[in-house]
Each structure stands twice: as structure tokens, then as C-alpha cells.
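Take a look at the structure set out below.
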2 protein chains.
Amino acid sequence: MALTHAILSALIEKTCSGYDLAKRFDGSVGFFWRATHQQIYRELTKLEQAGLVSVKKVVQENRPDKKLYVVTENGQQFLTDWIAKPAKIAPVKDELLVKLFAGHLADRAAIAAELERHRLQHQNRLSEYREIEQCYFHTPHKLSQDNRFRYLTLRWGMRYEREWLAWCEEAIAFLQERFEP
Amino acid sequence: MALTHAILSALIEKTCSGYDLAKRFDGSVGFFWRATHQQIYRELTKLEQAGLVSVKKVVQENRPDKKLYVVTENGQQFLTDWIAKPAKIAPVKDELLVKLFAGHLADRAAIAAELERHRLQHQNRLSEYREIEQCYFHTPHKLSQDNRFRYLTLRWGMRYEREWLAWCEEAIAFLQERFEP
DNA sequence: TAACCCATGTAACCTGTTACATGATTAA
DNA sequence: TTAATCATGTAACAGGTTACATGGGTTA
């Protein structure tokens, strides 16, 4: 179960509150592991009970108090051990591919439209990644060790999105072709 | 919820029993949507109640009776409608990327080993795909309409695995490099 | 004779999703 | 004054995982 680990990884990147974590899961680690705020709060409670994170109450003016979560030594060890443990490749779970698998049932134009919508979404995601690259990773050889690793994950993301784009284009072209019966 | 649709897609490709479906989910649609046999049996019961599939009892000699599931007209319409409905791109959920995100915590050799293990797994998956291509899709222009769509999904799979391989190699090379501090 | 395949299921549990709740502050 | 942001939570439900159960047939 990697939600635990995703949260620890995010907290190690930067200590913050549950609320902040939830927002950060829209980017950052969130690109590779999604979580809603309810999942996060639930998990943080467990992590605290297990002694993998500790909590600091921060009293604020003009806004609600918050709990800052800090990864403990135990927490860091727990993460480090996990990283070295052999794991299987992640299973693919993708609706669009299921749709194409039975694509002959539907109208060609409908499928082409759905492919085009996906193409655009992947293009947008790629643009996001490119902006992040420009912003934080424009000089790769000057990066700190931790950021070099994060840059690697970003590069995975860019490869992934570029490949999706290429495939969408291929699939759309396929739909436009005339085949012999 | 696409498990429903994945099952219908698989049944449309070929009518079979719950047991057979479970096995087929190790390949075929299963490459894009995983399911355990418990999930499948549970879902088939619901699909039958909803009238999207119908059941034929088949009495066998020397082995337990089985229930053949056939997609009904309603079921086919249900699937077809779903295919045309706009959907969002699938979120990525990948442990290895979470691991790399906090990669600086772990020993370099440990991470390199994990990357290598993943590289091998992706290579194996790619070989599987290539065999399927050789076996079923070696003459693309002679394929039936439905198989052309399935071939598209296979081509996605090959792109995906090739890109993973390339990235693993990049990441491993990165770990071997010497950087200035 | 032990282990595995065929075939279907129940039960308990863990994860993930959605909706609802609160209550103050700040920007449009 | 309406909506959004900050901050944390409860509750109910849907989806997914793991373990266990049964019972005959086949293979090593």
C-alpha cells in the first residue's frame, strides 16, 4: 500500500499540514499517486499512531490552527526500507483502452472525438510538465541530489505524455483510413 | 466504474464462464484493466440482474457445470453508449515513481537494482506483446474491423513498454554518472 | 498421495469516493 | 453578498484484496 509512502515522500520534500498535502497531491507526487483529502487525513492519523510522523500544532492569527506533520526518524527509515524492496510493475488501468478494445461497436466519429479529447488532455499535461521543467529543472547539472531524482520522475512523465500523443495521432489516422473489407 | 465495461468488452470478444473470464483477465483486456475472480463473479451477478448479460447453464461430463455468460442487446447498447461518453485521462499510479521521488534517501545500488528489476519486467511484457503481435496481428491490413481496434490497443502497449525501457536505461545511466556536488 | 486444474462462491477487511458539516476570513 | 480559501473532520458507500471453502478430476 503506497499511499503511506507517497505521503511520507511528500512530507520529506516539505513538511506541511494535511490541508497543504491535499493540495500538493494535485501536482508533485500527486502526478504519480492520487489521493483525496479524506484519504490523506485518515492516513496521517494512522501514521501518527504508528510513530512515523509527529505533529506540531501551529496557532495562526486570522485563520484556523493547523497541524504540521513532520516525518520522524522511524518514518524515514520505514520509507528508505520500502524503496529498496522489490516491487512489481504497476498494472495499467485505462478506460480509453477498454473502449478501443470494443471500439468496433461504436460510431467512428464518436471514437475519433473521444481520441481527440484525450489527445488534448495529454497535450495539456505535457505542457504542465514542460513548465515545471522550465521553472525548476532548467539547469539539470546544478540540481541538488534530491531534485535530480525528482527530475527523473518528471522526465518519465514527459516521455509518457509524448507517447500518448503519438499514439492518439496514430489511432486517429487509423480511423480515417479506408480499408478493404 | 469500468470493470463492468471491461467485462462486457471481454464477453463480446468471446462468450465464456466466470472462471474463463478470470483467466482471460491475465491477458487480453486484462492488460488494461485488472480484476480478480471474486470481483468478476460479483460483477457478473450484478450484470445478470441488470439484464446486461444472460446466463446459459452448461452441463459437462467429468467436470463441474458452468455458466456461460452472453452479452444481451441491452448490454451491447450500454457498452456502445459508454464508449462515446467523454472521459478523463487515467491517473497514473506507480510505486516506482514514488520511490524515485524520494530516491535520495536510499542507497544508490539499491535503487539501481530496483530499476533493473523493473527494466526486466517491462522487457518481458514487451516480449509478450511482440509474441501476440506475431501470432494474431502479423498481417494488419487483413484484419477484421474488431481486431483492428484491438491491434491499436496492443500498439499502445508496445509503445508504453518501449518507453519504460528507455526511461529505465536513462535512470540507470543517471545513477552511474558522477556529478559535481 | 500430493498437488494442481476446473468452477463457483462467502466473509472479512482494506482502500477510495462522495457528500455533508463547521466556521472564520478574504477577495470579487 | 456571494463565492472562494483555510483547515479539519464524520459518515456512508462503492470498489478491490485476501483468505477460506467445496468437491470432483487429472497429472506427477
Side-chain angles (χ1 to χ4, degrees), chain A residues 1-8 10-11 14-27 29-30 32-50 53 55-69 87-88 90-95 98, chain B residues 1-8 10-11 14-26 29-30 32-50 53 55-69 82 87-88 90-95 98:
Chain A
M1 195 251 322
L3 174 56
T4 315
H5 309 100
I7 289 177
L8 289 174
L11 284 180
K14 190 174 180 338
T15 286
C16 65
S17 66
Y19 182 85
D20 290 327
L21 257 186
K23 274 192 302 173
R24 289 176 54 208
F25 265 71
D26 285 338
V29 230
F32 316 120
W33 204 275
R34 294 254 124 215
T36 60
H37 84 275
Q38 291 81 352
Q39 274 181 280
I40 291 168
Y41 282 120
R42 210 156 49 178
E43 199 61 34
L44 282 173
T45 309
K46 279 194 214 163
L47 283 171
E48 198 200 337
Q49 282 163 5
V53 300
V55 190
K56 251 205 242 174
K57 286 216 171 179
V58 179
V59 181
Q60 295 180 113
E61 282 170 35
N62 296 344
R63 50 195 55 196
D65 299 353
K66 64 177 170 181
K67 300 180 180 176
L68 270 190
Y69 289 90
K88 284 186 187 161
V92 173
K93 258 204 165 185
D94 201 291
E95 283 200 6
V98 176
Chain B
M1 195 249 325
L3 173 56
T4 315
H5 309 100
I7 289 177
L8 289 173
L11 283 180
K14 191 174 180 337
T15 287
C16 65
S17 68
Y19 183 85
D20 290 328
L21 257 186
K23 273 193 302 172
R24 289 177 53 209
F25 265 72
D26 285 339
V29 230
F32 316 120
W33 204 275
R34 294 255 123 213
T36 60
H37 83 274
Q38 292 81 352
Q39 274 181 280
I40 290 168
Y41 281 121
R42 205 152 55 174
E43 199 61 34
L44 282 172
T45 309
K46 278 194 214 163
L47 283 170
E48 198 200 337
Q49 283 164 4
V53 300
V55 190
K56 251 204 242 173
K57 286 215 172 180
V58 178
V59 182
Q60 295 180 113
E61 280 171 35
N62 296 342
R63 52 195 54 196
D65 299 354
K66 64 176 170 182
K67 300 179 181 177
L68 271 190
Y69 288 90
W82 172 74
K88 284 186 188 162
V92 173
K93 258 204 164 185
D94 201 292
E95 283 200 5
V98 176

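Per chain, numbering begins at 1; letters A, B, ... match sequence-line order.
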Its 5'-most and 3'-most nucleotides having an atom under 4.0 Å from a non-hydrogen atom of chain B, DNA chain C is contacted over C/dC5 to C/dG16

Donor-acceptor contacts, no H, no angles, side chain residues 56-68 of chain A, under 3.5 Å, sequence neighbours left out:
| unit_1 | atom_1 | unit_2 | atom_2 | d |
| --- | --- | --- | --- | --- |
| A/Gln60 | NE2 | A/Pro64 | O | 2.7 |

One should read off an interatomic distance between B/Leu21 CG and B/Asp26 CG, to the nearest 0.5 angstrom, of 11.5 Å

In numerical order, the residues of residues 32-42 of chain B whose heavy atoms come under 4.0 Å of DNA chain C are B/His37, B/Gln38, B/Tyr41

Does the side chain of B/Leu47 come within less than 4.5 Å of B/Leu11's, by heavy atoms?
no

To the nearest angstrom, the NZ-P distance between A/Lys23 and D/dA7 comes to 7 Å

Exam field: side chain B/Arg24 to backbone B/Lys14, donor-acceptor pair closer than 3.5 Å = yes

Tightest non-hydrogen contact, residues A/Leu3 and A/Glu43, listed as CD2-OE1, 4.0 Å

As a check of understanding: the bend across the helix from C/dT1-D/dA28 to C/dA28-D/dT1, end axes from five pairs, rounded to 10 degrees, works out to 40°

Whichever of B/Lys66 and B/Lys93 has the more 5' nearest nucleotide on DNA chain C, that residue is B/Lys66

To the nearest angstrom, the NZ-P distance between A/Lys67 and D/dA7 comes to 14 Å

A/Leu21 atom CG is separated from D/dC6 atom C1', nearest whole Å, by 15 Å

A/Asp94 and B/Ala90 have their tightest heavy-atom pair at OD2-CB, 3.3 Å

To the nearest angstrom, the OH-P distance between A/Tyr19 and D/dC6 comes to 4 Å

Distance-only donor-acceptor pairs under 3.5 Å for side chains of residues 35-42 of chain B, two or more places apart:
| unit_1 | atom_1 | unit_2 | atom_2 | d |
| --- | --- | --- | --- | --- |
| B/Thr36 | OG1 | B/Gln39 | N | 3.4 |
| B/Gln39 | OE1 | B/Thr36 | N | 3.1 |
| B/Tyr41 | OH | B/Tyr19 | N | 3.4 |

Protein heavy-atom contacts under 4.0 Å, written 5' to 3' over nucleotides 22-28 of chain D as B (base), S (sugar-phosphate only) or - (none), form the string -B-SS--

Closest heavy-atom pair, B/Phe25 versus B/Trp33, reported as atoms and distance to 0.1 Å, is CD2-O, 3.2 Å

**OP:** Taking the side chain as every heavy atom from C-beta outward, state whether B/Val55 and B/Tyr69 have any pair of such atoms under 4.5 Å apart.
**Re:** yes

Check your understanding: Taking side chain as C-beta onward, heavy atoms only, is B/Leu44 less than 4.5 Å from B/Glu48?
Key -> no

